[in-house]
Amino acid sequence: MKNFFKSLKFSFLSILIMFPLFLTADEGMWLPLLLEKNYSAMEKLGFKLTPDQIYNLNKSSLKDAIINFGGFCSGSIISKDGLILTNHHCGYDAIQNQSTVENNYLKNGFWALSKEQELSNPGLSATFLVRVEDVTQKVMGVNNENAKYAPWDSAMQSVTKKIVEETTKGTNYSAEIKDFYGGNTWYLFVYETYRDIRLVGAPPESIGKFGGDADNWMWPRHTGDFSLFRVYTAPDGKPSAYAKENIPLKPKYYLPVSLKGIQPKDFAMVMGYPGRTRRYETTGGIKFLLEQSNPTRIKLRGAILRIMKIDMDENEEIKLKLSSHYASVSNYHKNFIGQNKGLVRMNTIETKKAEEDAFRKWVSADATRKAKYGTCLDDILSATENLKGYNLARDYMNELLFSAGGVLQIPYLVSDAYKMMKKPSPNPDTLKTFITETSNKLKNHFKEYNYATDKKIFTAVMKMYYNDAPKLFHPTIFDDIEKIYKNDFNAFTDDVFNKSILTSEEKLQKFLLAPNVTELENDLGFKTMQSVLDSYNNKILPLATPERRKLGIATRLYLQGLMEMKKDKQFYPDANFSMRLTYGKVIDYIPKDAVKYSYFTTLDGIIEKYDPWDEEFFVPQKLMDLQKAKDYGQYVDAGGKLYVCFITDNDITGGNSGSSVMNGKGELIGLAFDNNWEGMTGDLVYDGTLKRCINVDVRYILFIIDKFGGAKNIVDEMTLVK
Ligand code: ARG
C-alpha cells in the first residue's frame, strides 16, 4: 500500500515536470506568420517542423496548400493536380446545384472517374494567401492619432482602402486589411483567387451528412463530411474564369496524406479560416446574447424551419430545392440553442464578471493606469446597454435577409445594380457589368426558390418582427400594414405575392433587360424589404453611431490594458476570417457526470446507428456490405477497425469547416468539420476540458472514395505516407 502511494506521487509529479503543457488548454487561433513565440510549446506537444515550413515568403510552405473555399469555408490542396479537400457541407450548395430529381448527386453521390467528368461551378472560388504584412503604423498613424476612431469608422475605412489600392495596383491580387486585438494591431492580407473550380467527388448525403441535424454539433459522430473539388487555371497557370481549355492547377505546395492513423495525445494542428469569435466579450455583451439576441434568432429560425420542413417532406423536388438553405438555417439555430444552454451551465457571466473585477482592481492600483484605462470598461458596458435596440434591429434585418430569404432577399441581391441605376448618369459599362452579375445572382437564387413556401415564411417573419421588435425601430412599411391592411398580415402577403415581380425569375430577368427604377421602387415586395433596410441605415445606424464609436475606442483600450495586465500571457486575436493555425492533441473528454467519450468512432458505430425509418440515419447497402466483409483495404486501423471520426482539442469555429488536420510533420490526418455540444460556448469562452474539434479520419475519406465510390483514380493522385 505504501509503495502504491509512493509510485502514485512519483508518477503524478513526473507528469507535471515532463508535460507541463497538458495542464493548460490548447487555446488560441494563431496567425501562421507569428508562430515563433508558440514554437517551443508546439515542439513539446510533438510538432516536428519549423515555423518556416508553415509560413515562408521565399519558398513554398504549408500556407500555400491552405485555401479559403468560396469565401465561407476552408479547404486544402492535396495533390499535385490542384485537388481540393473540403467538407461535404461546404460543397453542399454546389452539389445541390448540379443535381436534378433524375440525377440527384446529393442523394446518390458523385465521382469523376476522369478529369473530363468533373463539373464546373460558376460563382465558386478558391483563394490562396500570398502574404501578410503588419500595417499597424500605417493605419493607426505614426503617433497613434487614429486611436480616436473605432475600427469600423469610415475614417479608418478610407485609410485602409488607400493601402489596399496601392498594394494591388497592376497585379491580379486582391487585398484586405483587418484589425486584431480590438484594433490595436492591423494586418494586410494579399490574396490570389481562382474561379474555375470543378466538382470531383462527393459521397451520398447518407454518408456526407450521416446523422443529419440530430447529430449536428454532437459527439460521438459518424459523418463522412467531405467533398472534393479541383482548381483549374488558364493554360499559362494564371487564374481564369471557366474555360474548356483550362488546366489543373500546379500548386506551390500540397499536403501529403498519412495512413498511419492516430493515437491519444498525438499532436494535431488545424489550418484554415475561422470566422468569428468574441473571446474578449464583456458581461454586457454576453447578457445581450443570452437574453435577447439568441432567443430572437432561435424563435425566427424555428418558425422558418417548421414551415420549410412541412413543404420539403411533401415533395421531392421542393426538398431538393430547399435542402441547402434549410441546412444552413438549422445549423446555427441549433448552435444558438446550444450556446445559450452552455452559457447558463458554465456560469459564463460569473466568469466574465470575475475577469472584469480583476481588471478594475489592477487599474485602480496605479494612477497612470487609472488615467488611461479608468473608464474603458464602464464605457463598453454602457455602450453595449445603449446599443441593445440597434443590435436587435440588426439581428432582425439579418434574419429577414438571410434566414427568411426569398422575396426579402432580392433588394440585397440587386442592390449594386439598383444603386448604379439611381445615379443621374450611370456609367453604361459599369451598369452593364452590374446587371449581368445581378442576373447571375438571381439565377442562383431561383434555383433554390419555392413560391408557396416563401409566402408562408414571409407572413410569419413579418408578423414576428411587427409584434416582437421595439416600436421605435419599426420600418415605415408597418405604417402601411396598419393603415391600409388593418394589420391583416395575410392580406398584406397576398398583395405582395400577387403584385410583386420579386417572386418570379422571369419577370425579374425581363426587368433587368430594360430596368426602370420607379417600377422597382413601387413594387410592393421591393418596398417591404427596402423599408427595413432604409430604417436600419437611415434611422437606426445614425442614432447608434456615437455609441458604436465609444464602444470601439473603449474596446481597443480594454484589450490594450488586459495585455498589459497579463504581460507574461501570450494573447491570441479573435477570429476574423483570416488564416489561422491552432495546435493541440488527440484527446477524449468527459461530457457529463459518469460519462466518458472515446476519442474515435468506427464504421461499426454507423451500423449501430442505422435506422431504416429515419432518413438521417440511413446507411447505403454497399457500406453495410463493406462493413460485413471488413473490406477496409489499406485504410484499416492496426486494431482491425475502420475509424470514421476523431476528436482533438484544437480551437476552431465556424469558417474552419473544411480545414485540414495535420500531424506533427504536416501530413494530413483528418478533416475538421464541427464542434461538440458541450463546448458550444466556445466562441465566447474556451474550456479545454469540454471543447472539442470533430474531424473525419482521412482514412475513412480515402476508403469512401476508393472502396465505396470506386474512384481509385482520385486516391492515386495523392501522395500517401504509409
Ligand atoms: N455544424 C457544422 C458546422 O457548422 C455543420 C454541419 C452541417 N450539417 C447539418 N446537419 N446542418 O460546421
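In each ligand, atom 1 is the first atom listed, and ligand 1 is the first ligand listed. When reading the values below, keep in mind they use all heavy atoms of this one structure, side chains included, and skip hydrogens, waters and symmetry mates. Treat the numbers as computed from the prediction; the structure is a model and nothing was measured.
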Counting only heavy atoms not in [X], do more than 12 sit closer than 6.0 Å to its [atom1] atom?
X      : atom1 : value
Arg276 : CZ    : no
Lys352 : NZ    : yes
Lys447 : NZ    : yes
Lys178 : NZ    : yes

Tell me: protein heavy atom nearest atom 10 (N) of ligand 1, and distance?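 The closest one turns out to be Asp213 OD1, 2.9 Å.
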
Check ligand 1 against [X] and write out every atom of the ligand that is under 4.0 Å from a heavy-atom position of the residue.
X      : result
Lys209 : 9 (C), 10 (N)
Phe673 : 2 (C), 3 (C), 12 (O)
Gly212 : 10 (N)
Asp674 : 1 (N), 2 (C), 3 (C)

For Asn216, which part has a heavy atom under 4.0 Å from ligand 1: side chain, backbone, both, or neither?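 Looking at Asn216 and ligand 1, just side chain atoms fall under 4.0 Å.
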
Say whether [X], considering both its backbone and side-chain N or O atoms, lies within less than 3.5 Å of an N or O atom on ligand 1.
X      : result
Arg221 : no
Ser657 : yes
Asn331 : yes

Fit a plane to each ring of Trp30 and Tyr583, take the angle between them on a 0 to 90° scale, and name the class: parallel (under 30°), tilted (30 to 60°) or perpendicular (over 60°).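 Correct class here is parallel.
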
Parallel, tilted or perpendicular: ring planes of Phe703 versus Tyr632, cut at 30 and 60 degrees: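 Plane angle over 60°, so perpendicular.
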
Ala327 to ligand 1, any heavy atom closer than 4.0 Å: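 Under 4.0 Å: yes for Ala327.
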
Here's a test for you: under side-chain contact (heavy atoms from CB on, under 4.5 Å), which of Leu124, Asn121, Asn444 qualifies with Asn97?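 The option that passes is Asn444.
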
